[in-house]
Visitor: 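Sharing a structure with you now.
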Amino acid sequence: MNTQNHTGPNPEFIKGLFNSISTNYDLANHVITLGLLTAWRKKFIKLSGAQEGNSVLDCATGTGDLALEFKKVVGDSGRVIGSDFSEGMLKLAPLKAKAQNLDIQFELGDVTQLQHEDNCFDITSIGYGIRNVVDPKLGLSEMARVTKSGGYVMVLETGENQNPVVRPFIKLYFNYVVPTLGAIANSNKGAYKYLNQSSGKFPCEADFVRLMETTGLFSKIKYYPLMGGASYIYKAQVK
Ligand SMILES: C[S@@+](CC[C@H](N)C(=O)[O-])C[C@H]1O[C@@H](n2cnc3c(N)ncnc32)[C@H](O)[C@@H]1O
């Protein structure tokens with residue numbers, strides 16, 4: 001796969017798509033991933049090494065679940081900002097934070113042009129967002145720019161299960177069951193069909209590591225498969 005010049009979809013199309021599915025996004029996600037997402041998010045936070053007092057920027061935060069989990073770890077002395085370019089998705093995040101009594105700042109922002117200064121976060125993260133970004137290399141570079149030297153950029157993204165026996169069943173599930181479940185929860189079958197197809201076209205595992213390497217901004221990059229590669233966690237230290 002040519003990772004160097006990978007280009008993603010039109011940002012206006014992506015913004016419209018997420019605005020259209022925001023209302024029941026959480027429910028649909030939970031059903032589609034059979035409840036596994038909660039555990040994957042917790043593993044993501046643990047692998048990030050986040051500690052009390054850290055500052056974290058969660059890009060493409062959507063309805064804010066990763067930001068909420070980070071805030072529980074960094075505590076009152078830490079700071080978490082969740083940013084996203086979809087107003088619809090972002091509307092729900094502060095309500096969830098308030099319900100859990102968590103003080104998180106949510107803001108409109110595009111990961112390809114972050115409105116933060118250089119070197120200001122210990123950890124910058126993105127969950128199931130980078131494959132929707134028109135220029136993922138630019139998005140990753142921006143994330144590295146705002147992260148302190150020695151800090152971490154964390155990515156959670158879909159992948160392909162590497163087990164030849166299990167893979168066809170997972171493909172069937174994602175090609176046929178997921179769009180239907182998405183339609184039931186959200187009345188937008190097309191959106192879930194699109195999201196599934198875009199997942200198959202996006203580099204994962206070593207290919208994604210190569211894409212990160214092309215930025216020249218990371219020293220160590222590690223990856224961790226979830227459910228045999230259905231999703232991956234990437235952890236990269238900023239130079
Ligand atoms: C699949 S959702 C993931 C939301 C959340 N991180 C999660 O794990 O549930 C993808 C999100 O990426 C956002 N997004 C896509 N491209 C973006 C960009 N260039 N800048 C900021 N947000 C973007 C969308 O608006 C959407 O909320």
Side-chain angles (χ1 to χ4, degrees), residues 3 5-33 37 40-41 57-68 81-98 104-116 124-143 146 155-159 171 173-204 208 211 230-232:
T3 51
N5 300 317
H6 181 94
T7 49
N10 179 310
E12 289 310 314
F13 166 74
I14 287 295
K15 227 181 267 186
L17 183 145
F18 280 104
N19 280 333
S20 80
I21 62 170
S22 60
T23 313
N24 284 322
Y25 171 81
D26 285 345
L27 172 68
N29 244 354
H30 196 70
V31 173
I32 287 165
T33 63
L37 198 50
W40 291 354
R41 285 194 179 115
L57 174 68
D58 183 40
C59 303
T61 195
T63 59
D65 281 341
L66 275 177
L68 298 176
I81 300 177
S83 84
D84 198 289
F85 75 178
S86 155
E87 282 183 50
M89 293 290 275
L90 211 50
K91 225 185 270 170
L92 302 163
L95 305 176
K96 286 161 71 175
K98 197 172 172 204
I104 301 170
Q105 185 187 328
F106 289 102
E107 63 186 27
L108 268 177
D110 188 324
V111 68
T112 60
Q113 42 188 129
L114 292 170
Q115 62 225 30
H116 295 279
T124 306
S125 61
I126 188 162
Y128 297 112
I130 197 69
R131 80 169 191 272
N132 297 309
V133 173
V134 62
D135 185 344
K137 184 175 164 186
L138 177 58
L140 291 165
S141 304
E142 272 293 272
M143 291 173 74
V146 300
V155 179
L156 174 61
E157 194 46 85
T158 48
K171 277 206 160 157
Y173 178 73
F174 277 100
N175 283 338
Y176 298 102
V177 183
V178 164
T180 308
L181 291 176
I184 292 167
N186 246 312
S187 68
N188 190 344
K189 192 168 179 172
Y192 283 87
K193 208 167 175 180
Y194 164 77
L195 287 172
N196 177 39
Q197 282 165 354
S198 71
S199 164
K201 290 180 193 145
F202 194 71
C204 72
F208 186 72
L211 173 64
S231 281
Y232 284 88

Visitor: Going through the distances and angles, do T61 and D84 end up as a side-chain hydrogen bond (donor to acceptor under 3.5 Å, both in side chains)?
Guide: CA-CA 6 Å; T61 195; D84 198 289; over 6 Å; no

Visitor: Where is the tightest heavy-atom contact between A67 and D58, given as atom of each residue plus distance?
Guide: N-OD2, 3.6 Å

Visitor: Where does the angle between the aromatic ring planes of F208 and F202 fall among parallel (under 30°), tilted (30 to 60°) and perpendicular (over 60°)?
Guide: tilted

Visitor: Would you indicate whether the side-chain heavy atoms of Y128 and W40 approach each other to under 4.5 Å?
Guide: yes

Visitor: Strictly by modelled atom types, are S86 and N19 linked by a side-chain donor-acceptor pair under 3.5 Å?
Guide: yes

Visitor: Would you mind reporting whether P11 and F85 have side-chain heavy atoms less than 4.5 Å apart?
Guide: yes

Visitor: Considering residues, nucleotides and ligands other than E107, do more than 12 of their heavy atoms fall under 6.0 Å from its CD?
Guide: yes

Visitor: Residues two or more places apart in sequence or in another chain: which of them pass salt bridge (Lys or Arg N to Asp or Glu O under 4.0 Å) with D65?
Guide: R41, K96

Visitor: On a heavy-atom basis, which atom in C204 and which in G159 lie closest, and how many Å separate them?
Guide: CB-CA, 3.8 Å

Visitor: Measure the spacing between CG of N29 and CG of L37 and express it to the nearest 0.5 Å.
Guide: 5.5 Å

Visitor: Please check this pair: side chain of Q105 against backbone of I81, looking for a donor-acceptor N/O pair closer than 3.5 Å.
Guide: no

Visitor: With distance as the sole test, does N24 use its side chain to make a donor-acceptor pair with the main-chain N or O of L27 at under 3.5 Å?
Guide: no

Visitor: Give me the atom names and distance for the closest heavy-atom approach of E142 to V111.
Guide: CB-O, 3.2 Å

Visitor: How would you list, by chain and number, every residue that makes a side-chain hydrogen bond (donor to acceptor under 3.5 Å, both in side chains) with T158, sequence neighbours excluded?
Guide: R131, S199

Visitor: For I130 and P136, which heavy atoms make the closest approach, and how far apart are they?
Guide: CD1-O, 3.8 Å

Visitor: Got V134 and N10 here, is their nearest side-chain heavy-atom distance under 4.5 Å?
Guide: no

Visitor: State the CG-CD distance between N132 and E157, to the nearest 0.5 angstrom.
Guide: 7.0 Å

Visitor: Search all heavy atoms of L92 against all heavy atoms of S22 and return the closest pair with its distance.
Guide: CD1-O, 3.2 Å

